[in-house]
Amino acid sequence: MRKPRVLLLSEGFGTGHTQAAHALASGIKKVSPHVHSRVIELGKFLNPTVAPLIFSAYRKTLSVQPKLVSMLYRTQYNKSLNGFTKLALHRIFYTQTAQVVSQLKPDAVICTHPFPNAVISRLKRQGLNIPLYTVITDYDVHGTWINPEVNQYLVSTPQVKALLEIRGVDPSRIQVTGIPVHPDFWEAGDKVRLRQEMGLQDMPTALLMGGGWGLSFDEEHMKLLTSWADRVQLVFCLGSNEKMISRMKEMACFQHPNIRILGYTREVSKLMDVSDVLITKPGGMTCTEALAKGLPMLFIPPLPGQEEENCEYFVQAGYGQVIHSADVITTRFRELCDRTKAPNEAESQLKVVRKPWNKPSYDPMSCAQAVHELLCPAAAEFPSTPKERFKTGIPTTTLSGTRIPF
């Protein structure tokens, strides 16, 4: 009997959705080593020429016209994708999805973005007989995530579960698992040892991140941050923002031995371990990784849409604070330095931020464990040969190229 297979489908609008898919795939492998998983950004896979142009246009719109993005997000907030939109998505952009599923023969499909979620839901209405699990990768739920064909929703918080119930989703189809993070984030590393290993000073350290697209911070705040470099070590993690990396490396204020400028890196888990505070956009994945590590956060004012909702959740829960003014940075950095000088005497407000993590409010293994438990009946429920799961109503156009390896 062959090993169970899980197909994880995401989309490239931002990096968090795909990051969550890869994190869950790694978590599944750790919890269930016998399960095979495959992550695909579906639109990019099926349309390798057009998809990057669409994602680039989205990114540009988000940076140039954030109010427009906010308006679209709000006006469609309570609406699922209608039948016409789903049909258009399928016919124009995802027409060969059924063939991808047919070739890979998964025992379950997990979606971490609303678009592939809608496409697989449509195929299920046409006869695709396979479990569909949906991981909502933010601390809110937009209407586009919701489809009656979803067998199980895996969500971040009880609040998101309640929002789904309000919109008519049966409570039995919702599990609160938290957003999945890579197993590297499941445990904290040794701060002193890792600082030595990474060539960093043993001193108060701030990690500055902006997601896969890089940090977005105004010049005034940048100058303020660098003015603290003698007392607070600064590690900038700028993702794919090559222009900012080049610009910062040429600026005199960043030429300091206690300032480290990084691009894309796979060492984020270790960077969080060596840090005392994280300054970041309130993206769902980055904030959840910090949550798993127990790292206090300061938030750059959020972009419209999901980031606003994420920010509201983490601030209200006591996990972080928004940088409304430069005074926030000054206050927090001063507290870090005072706490280092007199750790038993300093009454730091950062304790208020750390306090909720003393409770087991987030289990980073939970999502992978939930998938493991769902897969057991899924594997037993479909003992027939994979081709028998597809009814004649599903289109069978030929997928160009060679067979897709799982």
Side-chain angles (χ1 to χ4, degrees), residues 6 8-11 13-14 16-17 19-21 23-24 27 70 72-83 85-86 89 108-125 130-181 282-285 287-288 291 302 304-317 319 361-364 366-375 377-378:
V6 180
L8 296 102
L9 298 179
S10 181
E11 210 48 277
F13 294 94
H17 299 286
Q19 190 179 348
L24 182 53
S70 178
L72 292 173
Y73 183 88
R74 297 299 172 193
T75 55
Q76 300 297 316
Y77 180 76
N78 290 311
K79 300 177 182 178
S80 299
L81 294 174
N82 59 44
T85 303
K86 292 177 183 177
L89 277 174
V109 174
I110 302 175
C111 292
T112 61
H113 189 277
F115 285 1
N117 185 57
V119 171
I120 298 297
S121 294
R122 184 175 183 275
L123 291 178
K124 281 174 67 72
R125 287 197 304 277
I130 192 170
L132 171 59
Y133 308 136
T134 296
V135 179
I136 296 178
T137 54
D138 284 294
Y139 291 82
D140 186 36
V141 54
H142 195 276
T144 52
W145 283 102
I146 300 173
N147 291 284
E149 294 77 19
V150 174
N151 296 87
Q152 198 75 21
Y153 289 93
L154 307 178
V155 304
S156 53
T157 65
Q159 293 93 320
V160 173
K161 182 177 186 291
L163 287 171
L164 285 172
E165 291 178 15
I166 290 171
R167 293 172 181 176
V169 179
D170 190 315
S172 65
R173 294 167 53 213
I174 312 168
Q175 287 182 256
V176 180
T177 63
I179 295 173
V181 294
M285 280 303 300
C287 291
T288 305
L291 177 64
Q306 295 96 327
E307 281 192 9
E308 291 176 320
E309 305 300 332
N310 294 339
C311 187
E312 182 178 352
Y313 169 77
F314 280 99
V315 170
Q316 289 185 355
Y319 299 145
S361 56
Y362 171 69
D363 178 3
S366 181
C367 195
Q369 185 64 41
V371 172
H372 166 74
E373 293 170 0
L374 288 166
L375 276 176

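What you see is a predicted model; the values in this text were computed from it and never measured.
- Here the closest heavy-atom approach between residue Ser172 and residue Gln152 is recorded as O-NE2, 3.4 Å.
- Counting only distance, with no hydrogens or angles, the side chain of Thr134 and the backbone of Tyr153 share no donor-acceptor pair below 3.5 Å.
- For the pair Asp140 and Glu309, the tightest heavy-atom approach, listed with the atom from each and the gap, is OD2-CG, 3.3 Å.
- The CD1 atom of Ile110 lies 6.5 Å from the CG atom of Leu375; values are rounded to the nearest 0.5 Å.
- Qualifying ring-ring contact (aromatic ring centres under 6.0 Å, His included) partners for Tyr139, counting only residues two or more places apart in sequence or in other chains: Tyr313, Phe314.
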Inset, instruction - Step by step, work out the side chain to side chain contact (heavy atoms under 4.5 Å, CB included) result for Asp363 and Gln369. - result: CA-CA 10 Å; Asp363 178 3; Gln369 185 64 41; over 6 Å; no
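- Formation of a donor-acceptor pair under 3.5 Å by the Asn117 side chain with backbone atoms of Trp145 is found in this model.
- Note that the SG atom of Cys367 and the CD1 atom of Ile179 stand 9.0 Å from one another [nearest 0.5 Å].
- Taking every heavy atom of both residues into account, Thr137 and Ala20 meet most closely at CG2-CB, 3.6 Å.
- To the nearest 0.5 Å, the span separating SG on Cys111 from CG on Leu154 amounts to 11.5 Å.
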Inset, instruction - Determine, stepwise, if the pair Tyr133 / Leu24 fulfils side chain to side chain contact (heavy atoms under 4.5 Å, CB included). - result: CA-CA 12 Å; Tyr133 308 136; Leu24 182 53; over 6 Å; no
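- Side-chain contact check for Asn147 versus Lys124: every heavy-atom pair is 4.5 Å or farther apart.
- Between the side chain of Thr112 and the main chain of Val135, no donor-acceptor pair closer than 3.5 Å is present.
- Among all heavy-atom pairs drawn from Ala21 and Leu8, the shortest one is O-CD2, 3.6 Å.
- Put simply, the side chain of Arg173 gets close to the backbone of Val150: a donor and an acceptor are under 3.5 Å apart.
- The distance from the CG atom of Leu164 to the CD1 atom of Ile174 is 4.5 Å, given to the nearest 0.5 Å.
- Donor-acceptor pairing under 3.5 Å is lacking for the side chains of Ser10 and His17.
- Listed by first and then second residue, the salt bridge (Lys or Arg N to Asp or Glu O under 4.0 Å) pairs involving residues 154-166 are Lys161-Glu165 (not counting sequence neighbours).
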Inset, instruction - I would like to know whether Thr157 and Gln159 meet side chain to side chain donor-acceptor pair (under 3.5 Å); could you show each step before the answer? - result: CA-CA 5 Å; Thr157 65; Gln159 293 93 320; 3.3 Å; yes
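- Checked against salt bridge (charged side-chain N to carboxylate O under 4.0 Å, His left out), Glu312 has no partners two or more places apart in sequence or in another chain.
- Scanning both residues, Leu9 and Pro116, for their nearest heavy atoms gives CB-CB, 3.8 Å.
- Rounding to the nearest 0.5 angstrom, the gap separating the CG atom in Leu123 from the CD atom in Glu149 is 10.0 Å.
- The shortest side-chain heavy-atom distance between Pro131 and Leu374 does not fall under the 4.5 Å cut-off.
- Residues Ala370 and Gln175 approach most closely at CB-NE2, 3.8 Å, considering heavy atoms.
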